[in-house]
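All of these numbers come straight from a predicted model, not from anything done at the bench. For this chain, numbers begin at 1 and follow the sequence in order.
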Amino acid sequence: ALAGVTAALYNCIVALPTTRTRSTKRTGDDDDDQQLSFVKNLASDTMLISTFLRQFISVNFIKASVMAATTTTTEDDSPAGEDWDAATDWIFLLVVRLFGFGMLPIMYKAISG
């Protein structure tokens with residue numbers, strides 16, 4: 001479910017019109033303002049950003065880590081590719097897209113209180 005929600009938010013951002021420079025912006029054209037407003041609201045949502053960051057490590061990776069800690073083998077038993085699941089992929093893509101919009105300070109402020 002988290003992967004679906006994250007994918008929908010990512011696709012909403014991608015589907016928004018691209019930002020034009022201030023010099024080419026027409027008077028009364030508020031597409032850019034709507035885009036930036038949506039991205040800023042998303043990046044400043046404390047609960048949403050906290051949940052994304054908390055879920056960034058996949059459940060499979062945590063399970064493998066717990067199992068590895070309980071066994072005494074020194075060999076790395078975790079199969080390649082188990083560190084990331086679908087939700088982790090979409091969270092990564094969304095966070096990178098938000099960083100591209102310059103939202104890192106806003107996201108940091110949202111999670112720090």
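Atom CD1 of Ile91 and atom CG of Asp85 lie 8.0 Å apart (nearest 0.5 Å). A distance of 11.0 Å separates CD1 in Ile111 from CZ in Arg54, rounded to the nearest 0.5 Å. Between Phe52 atom CZ and Asp45 atom CG the span is 8.5 Å, to the nearest 0.5 Å. One distance of note links CG of Leu48 with CG of Asn41; it measures 11.0 Å at 0.5 Å rounding.
Between Met107 and Leu53, every side-chain heavy-atom pair lies at or beyond the 4.5 Å cut-off. The shortest side-chain heavy-atom distance between Ile13 and Phe101 falls under the 4.5 Å cut-off.
A donor-acceptor pair is defined here as one N or O able to donate and one able to accept, closer than 3.5 Å; no such pair exists between the side chain of Ser44 and the backbone of Ala110. Looking at Ser50, its side chain never comes within 3.5 Å of a backbone N or O of Met47 through a donor-acceptor pair.
Checking Leu94, Leu93, Thr88 one by one against Trp90, the side-chain contact (heavy atoms from CB on, under 4.5 Å) holds for a single residue, Leu93.
In terms of heavy atoms, Ala3 sits closest to Ala86 at CB-C, 4.0 Å. Looking at every heavy atom in both residues, Lys40 comes nearest to Met103 through CA-SD, 4.0 Å.
Ala8 pairs by the side-chain contact (heavy atoms from CB on, under 4.5 Å) definition with nothing, not counting sequence neighbours.
Applying the side-chain hydrogen bond (donor to acceptor under 3.5 Å, both in side chains) rule to pairs touching residues 98-107 yields nothing, sequence neighbours excluded. Residue pairs that meet the side-chain hydrogen bond (donor to acceptor under 3.5 Å, both in side chains) test with at least one member in residues 2-12, sequence neighbours left out, are Tyr10-Arg97.
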